[in-house]
Amino acid sequence: MYSRALGAQCSMWADPCFLVSFPAQDIYNGAGDVDKSDGWEKWFFQWAFTGTCATIVAGSVAERTKIEAYFIYSFFITSFIYPVVAHWGWGAGWLSAWGGYPDPDDHSRGRILGIHTPAFVGLSHNSNGMIDFAGGGIVHMVGGFSGLVGAIVVGPRRDRFNGNAHDNHPANAHHANKTLQVLGTMILWFTWYGVTCGKPLGLSGGAGNIAAKAAMNTTIAAATGCCVASVLSKALMARYDISLCLNGIIAGLVSVTAAVSVVEPWEAVVIGAVGALLLYFGHHLLIRLRIDDPLDACVVHGLCGMWGLWATGLFCTDDNVQYAAYPGVNTACASGRQFGVQVFASLAIIGWTVGTAGSMFLFIAWTVGMRVSDDEESEGLDPSEHGSEHHRSYAGIQGYPLLPRPHSQDYSFMGGSFQTGGSWQRGSQETSALSSARPSNSRHTSQQLTPV
């Protein structure tokens, strides 16, 4: 993977060594010299990005996908689909700021089929190439749009849309553990600083200032995404939806990842706010299209990642590009040229990802199969795929991930849903009203219920 992404002497499609070389000269070039980096951190950083890209897809195809399918798509995404885009944007590729920067002969370093690129910005110092500081497009768009294709190929979870081709109201999901959702989001937010602040791969020579600026913009965008998602949920759903607020944090983080080093703090507010809006409306667009993405991963990572690339071109300044240590010295941001580059790059990433990931998922579906059986899906993948007996007994109490609409009235309350009476079907098992699953107390019963 590393040689495909950052092979220093190979250009994608232009040099066959791209497929076989390991850039040892990049890793070992500082060995024995205390004043230079040995390059190990580059490998580690790419390892982390590669894993992130593959795990994004897992959220889109969750709760109905065979574990063998996970293994296969993870291998192909990490070994081929993602490394090619990483090479384009961060190596010597045709989208790279360093690939577009001219060599001593005034030719851009990136090539496609031997032709110097990027052709869409010319062969001069006017080119910045694509600016994607910490992977908003290179990592998150690849993962998000791969997940979108995977969700389409595997199909929705059983009973997600109640089997009615004209019913775009999805079945209610089970009660998620909000405490664990908050904990997971806070962990993810904290680790995001390793991505954005760690991307300079050092703290000397001005890199510390870039890292500090990245920390500030990361924090502002995430907090803004949470606030906007909270306001949206209260204004449009009549309640503060904790899950939407938490996803708003992730939407803000993804949206600012590409631009974090080249925009001002007030612009990070705008970027995070738009990310939260895209999350909300993207979620409902998926439902209208009957695409089942349990975590809205393709929206949070794919759509918000694309917005982040575009926002980089909209809000960057040439001074900030220089501040972030990009190699070109030009007026690409002021002239609007950079926005065109960013849009073009996002379309190229979508085209590559959808084409390759679509072929991969169709291949998996036609060979080992993408989907578990209906019985395994009803039982839950923890017991059926991993033999978790504890989960099997717990599922018998709490119910399966998706519950068909019961005959009695279904209500939403405090982020979850439950019945006032009647029963529902759980596979071959019929269970009475949820009073046994959720104890009543005076605080709960005194609140007003809102019909779904």
| query | Strictly by modelled atom types, are T219 and W189 linked by a side-chain donor-acceptor pair under 3.5 Å? | reply | no
| For S74, side chain to side chain contact (heavy atoms under 4.5 Å, CB included) partners two or more places apart | A54
| Between W192 and H140, ring centroids under 6.0 Å | yes
| query | Is there a donor-acceptor contact under 3.5 Å from the side chain of N217 to the main chain of V263? | reply | yes
| message | Once disulfide bond (SG atoms under 2.5 Å apart) is applied, do any residues pair with C316, and if so which ones, sequence neighbours excluded? | response | C333
| field | Proximity of F49 and F45 rings by center, below 6.0 Å | value | yes
| remark: P156 meets the side chain to side chain contact (heavy atoms under 4.5 Å, CB included) criterion, sequence neighbours left out, with R160, F161, D292
| field | Contact list for residues 359-374, test salt bridge (Lys or Arg N to Asp or Glu O under 4.0 Å), sequence neighbours left out | value | R371-E377
| said: Below 30° counts as parallel, above 60° as perpendicular, anything between as tilted: where do the rings of F344 and W94 land? | reply: perpendicular
| Has the side chain of T78 got a donor or acceptor atom that lies under 3.5 Å from a matching backbone atom of T50? | no
| query | Are T196 and T218 linked by a side-chain donor-acceptor pair shorter than 3.5 Å? | reply | yes
| request: Would you please say whether a donor-acceptor pair under 3.5 Å links the side chains of Q46 and Y82? | output: yes
| task | Would you kindly say whether W310 and S346 are connected by a side-chain donor-acceptor distance under 3.5 Å? | result | yes
| request: Measure the CD1-SG distance between I152 and C298 for me, rounded to the nearest 0.5 Å. | output: 8.0 Å
| task | Under the side chain to side chain contact (heavy atoms under 4.5 Å, CB included) rule, collect the residues that match up with L244, sequence neighbours excluded. | result | A229, S233, M237, D241, L279, Y280
| Excluding sequence neighbours, so at least two apart, what forms side chain to side chain contact (heavy atoms under 4.5 Å, CB included) with V368? | I72, I364
| Just checking, any donor-acceptor pair under 3.5 angstrom between side chains of K199 and S261? | no
| task | Tell me, with the steps shown, if N320 and K213 meet side chain to side chain contact (heavy atoms under 4.5 Å, CB included). | result | CA-CA 11 Å; N320 276 331; K213 182 180 181 181; 2.9 Å; yes
